[in-house]
Amino acid sequence: MSELLLQDKTAVIYGGGGAIGGAVARVFAREGARVFIAGRTRARLDAVARDIDAAGGVVEAATVDVLDQAAVEEHAGAVAGRAGGIDIALNAVSVGHDQGTPLAELSLEEFMRPIDGFLRALFITSKAVARHMGHRRPGVILTLSEPGAKLAVGGILGHAASAAGKEAFARVLAAELAPRNIRVVGIRPHAVADAPAAGSYTAELFRPAAAAAGQSVAEFLEGGLAQGTLLKRLPTLAETAETAAFLASDRAGVMTGVIVNLSGGALVD
C-alpha cells in the first residue's frame, strides 16, 4: 500500500461545504488528514462530512462565519488545542460578485464587493491559523485565485483586482512566514468545469453570460471558456483537489511563494 500524502496531518478548510472546499476535504481525508471543515451553511458541511465518514475518513464540521474574526480565531484555537496544532489550511470561501459590467455601469459597491469579501476572509483565516503553525511542526497555507489576476478582459474590474490581490497576499505572506517554517502556496484554477453542477456559486455567476449567448452554463463553459485554453478543456474539481493535496504534502516541501497555474493554458506563465 502506498504511503498516504497527508498521514496524521491536521487540516482546516474554510468554505468546506462548497464545491471546491468539499472536494479538497474529501481528498485530504482520503490521504490521511484529520479534516476540520468550517463554513456558514450547516447542511452543506454535513453533506461533505457524511461522505468523508462513509469513506472511513476523520472529519469534524463547524458552523463559522469567516468574516467574523473572533469566531474564526476561536475555532482555530479549539482545533489546535485538540490536535496539538494546525498543519494545513485552505480558504475556499466564495463571495458573490459581478462579472461582465463595464466601468461606466459598475457601482463602487459592486466593484469593492469581491475585493473586500475575498481579501477580508483571506486575512482573517490566515492570521487565525498561522499562530498555530510552524517551527518544528511545518505549516502550509493554501490560497485560491483565478486567471482574472492576469487577464486583460473587459467587465471584470472587481474580480480581477480581487484575484490579483489574493496572489499578492500569498506571495508576501510566504516571505513573512518562511522563517517560521510555514509555506504559502496559491492555486489558480480556471473556471472549474463541474463546479456549477456541484452547487458552486459560479452557476449564478456565469448564467447571465450564458443566457446572452443562448447557452446553458455547462455549454458556456465547455463551448466558450474551454476553447480559450491550450488544452481546450477546463480543470475539474478532482484535478483541483488532487493538486491541493500534493501541494499540502511534504513532497512539495520546497514550494512556497508560488502560484500554481491550473488554467489549462488560458494563461501561460
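Side chains included, hydrogens not; waters and symmetry mates left out as well; all remaining heavy atoms used.
- Side chains of Thr236 and Asp194: a donor-acceptor N/O pair is absent below 3.5 angstrom, by distance only.
- Taking CG from Leu90 and CG from Leu144, the interatomic distance works out to 5.0 Å, rounded to the nearest 0.5 Å.
- Salt-bridge annotation for Asp46 and Arg42: present, with a side-chain N of the basic residue lying under 4.0 Å from a carboxylate O of the acidic one.
- Remark: Arg183 engages no residue in a salt bridge (Lys or Arg N to Asp or Glu O under 4.0 Å) (not counting sequence neighbours).
- A heavy-atom distance below 4.5 Å is found between the side chains of Val192 and Thr240.
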For a salt bridge (Lys or Arg N to Asp or Glu O under 4.0 Å) check, start with the C-alpha distance between Arg82 and Glu60, then their side-chain angles and the critical distance, and finish with the verdict. CA-CA 12 Å; Arg82 295 177 61 184; Glu60 294 186 38; 2.6 Å; yes
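- Using the six-membered ring where Trp is involved, His75 and Tyr14 have ring planes that are perpendicular, over 60° apart on the 30 and 60° scheme.
- Under the ring-ring contact (aromatic ring centres under 6.0 Å, His included) criterion, His159 pairs with His97, sequence neighbours left out.
- In this structure, Leu262 CG and Leu234 CG are separated by 11.5 Å, a value rounded to the nearest 0.5 Å.
- Heavy atoms of other residues, nucleotides or ligands lying less than 6.0 angstrom from CD of Gln7 number more than 12.
- Here the CZ atom belonging to Phe169 is positioned 8.0 Å from the CG atom belonging to Leu119, to the nearest 0.5 angstrom.
- Ion pairing between a basic and an acidic side chain is recognised when a charged N comes within 4.0 Å of a carboxylate O; Glu239 and Arg233 show such pairing.
- Between Leu122 atom CG and Thr143 atom OG1 the span is 6.0 Å, to the nearest 0.5 Å.
- Between Ile187 atom CD1 and Glu167 atom CD the span is 11.5 Å, to the nearest 0.5 Å.
- Taking a 4.5 Å side-chain heavy-atom cut-off between Ile, Leu, Val, Met, Phe, Trp and Tyr, the cluster of Val153 extends to Leu151, Ile156, Leu267.
- Ion pairing between Glu222 and Lys232 fails under the 4.0 Å rule for side-chain N and carboxylate O.
- In terms of modelled atom types and a separation under 3.5 Å, the side chain of Gln69 and the main chain of Ile124 share no donor-acceptor contact.
- Applying the side-chain hydrogen bond (donor to acceptor under 3.5 Å, both in side chains) test to residues at least two apart or on different chains, the pairs with a partner in residues 114-124 are Asp116-Arg120.
- To the nearest 0.5 angstrom, Arg34 atom CZ is 11.0 Å from Ile86 atom CD1.
- For Lys9 and Phe28, the positive end is not near the middle of the six-membered ring at less than 6.0 Å and at most 45° from its axis.
- Sequence neighbours left out, not one pair with a member in residues 254-265 passes salt bridge (charged side-chain N to carboxylate O under 4.0 Å, His left out).
- Applying the under-4.5 Å side-chain rule to Ile, Leu, Val, Met, Phe, Trp and Tyr, the cluster around Val172 consists of that residue alone.
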